[in-house]
*Asks:* 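Dropping a structure here in C-alpha cells format, bear with me for questions.
Keep in mind that the numbers below use all heavy atoms, side chains included, and drop hydrogens, waters and symmetry copies.
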Amino acid sequence: MASGDVISAPAVSEKNLPVGSAVTASGRISAVHRVGEPFVDDLPFETDDLVRLDVALTDCTRRTKVRFNIYIGDLGDDTAAGADAIFPTTPEAVRSVLIAVSPNQRTIEIRSGRAVADRVTDGVAQLGTAAAVSSFGEGELVDGLVSAVNVIANAIVSP
C-alpha cells in the first residue's frame, strides 16, 4: 500500500466528455441522452449492480469520512506501478482509498491517501483484499467490490 501526497485532479477532463456530460463535485460523471434517441446500453454491469456499488461507496464514504474510489481496468505489466500512477488522479486522493482491479491479470491493488494512511493501514487493506478475492473467485466482480468497500469501512478507525 502506498500513500498519496498530491493534489487530486479529475481522472477525466470535462473537455473530453460528450455533449450532455459533466464531472460532478464528487468526481463522478453525469450524462444524459437526447429524448427520442435510443439509449445504447453498453455498460459492462447491470443497473442493479451499479446501484449497489454506488450505495456502498456513498454509505461508506459518509460513515468514515474517507473517500472510496474504484478503478477497473488494465493496470499494465507492473500492476503496483499502474495503481500508483492512477491513484493521484482519483477524486480527493489525499483522503481516499483506491481499490484498483485488473481483471485480466487477476490482480487487486489498494492504495490510501496520506491524510488517512493512519486509519487505512496495510492490515485494513489486506482485509478488503480478502473480502474481494473471495467473491472474485466465484466470478462476482461487483459483489467482491461491494464486500471490499464494506469491510474496509468497517475496519477503519473513526476520526
*Asks:* Out of curiosity, L53 CG to F68 CZ, how far, rounded to the nearest 0.5 Å?
*Replies:* 12.0 Å
*Asks:* When you measure from the side chain of D59 to the backbone N and O of V55, does any donor-acceptor pair fall under 3.5 Å?
*Replies:* no
*Asks:* Any side-chain heavy-atom pair from D54 and L50 closer than 4.5 angstrom?
*Replies:* no
*Asks:* Tell me the closest heavy-atom pair linking S102 and L75, and the distance in Å.
*Replies:* OG-N, 3.4 Å
*Asks:* I need the minimum non-hydrogen distance between V116 and S112, along with the two atoms involved.
*Replies:* CG2-CB, 4.3 Å
*Asks:* Does some side-chain heavy atom of I99 sit less than 4.5 Å from a side-chain heavy atom of Y71?
*Replies:* no
*Asks:* To the nearest 0.5 Å, tell me how far R114 CZ sits from S96 OG.
*Replies:* 12.0 Å
*Asks:* Just so I know, are the side chains of I110 and I152 near enough to count as touching, which here means a heavy-atom distance under 4.5 Å?
*Replies:* yes
*Asks:* If I compare all heavy atoms of V151 with all of A131, which pair ends up nearest, and what's the gap?
*Replies:* CG2-CB, 3.6 Å
*Asks:* Does atom CG of D78 have more than 12 heavy-atom neighbours from other groups under 6.0 Å away?
*Replies:* yes
*Asks:* Distance check, rounded to the nearest 0.5 Å: I86 atom CD1 versus N69 atom CG?
*Replies:* 11.5 Å
*Asks:* Under a 3.5 Å threshold, yes or no: a donor from one side chain and an acceptor from the other, between T79 and Q105?
*Replies:* no
*Asks:* Taking the side chain from T90 and the backbone from F87, do they hold a donor-acceptor pair closer than 3.5 Å?
*Replies:* yes
*Asks:* Examine distances only and state if a side-chain atom of T61 and a backbone atom of T58 form a donor-acceptor pair shorter than 3.5 Å.
*Replies:* no
*Asks:* So, taking the atom named OG1 in T121 and the one named CD in Q126, what distance separates them when rounded to the nearest 0.5 Å?
*Replies:* 8.0 Å
*Asks:* Check whether N154 reaches the backbone of N150 with its side chain - one donor and one acceptor, N or O, closer than 3.5 Å.
*Replies:* yes
*Asks:* For A83 and L98, work out which heavy atoms get closest and say how close.
*Replies:* O-CD2, 4.0 Å
*Asks:* Find the distance between CZ (R62) and CG (L57) and round it off to the nearest 0.5 Å.
*Replies:* 11.5 Å
*Asks:* Using modelled atom types and a 3.5 Å cut-off, is there a donor and acceptor pairing between side-chain atoms of R67 and backbone atoms of V97?
*Replies:* no
*Asks:* Can a salt bridge be assigned to the pair D48 and R52 using a cut-off of 4.0 Å between side-chain N and carboxylate O?
*Replies:* no
*Asks:* Please check if the side chain of S147 supplies one atom and the backbone of G144 the other of a donor-acceptor pair under 3.5 Å.
*Replies:* no
*Asks:* For a quick test of reading the model, state the closest non-hydrogen atom pair linking V101 to L145 and the distance between them.
*Replies:* CG2-CD2, 3.8 Å
*Asks:* Does the side-chain contact (heavy atoms from CB on, under 4.5 Å) test come out yes or no for F136 and D143, once each step is laid out?
*Replies:* CA-CA 8 Å; F136 291 172; D143 285 347; over 6 Å; no
*Asks:* Check whether V51 and I70 end up in the same hydrophobic cluster, where Ile, Leu, Val, Met, Phe, Trp and Tyr are linked by side-chain heavy atoms less than 4.5 Å apart.
*Replies:* no
*Asks:* Are L127 and V66 connected in the hydrophobic side-chain network, where two residues link if heavy atoms are under 4.5 Å apart?
*Replies:* no
*Asks:* side-chain contact (heavy atoms from CB on, under 4.5 Å), that's the test. Do T64 and R119 meet it? Break it down for me.
*Replies:* CA-CA 10 Å; T64 63; R119 296 170 58 209; 4.1 Å; yes
*Asks:* Looking only at non-hydrogen atoms, find the nearest pair between R111 and D84 and report the distance.
*Replies:* NE-OD1, 2.5 Å
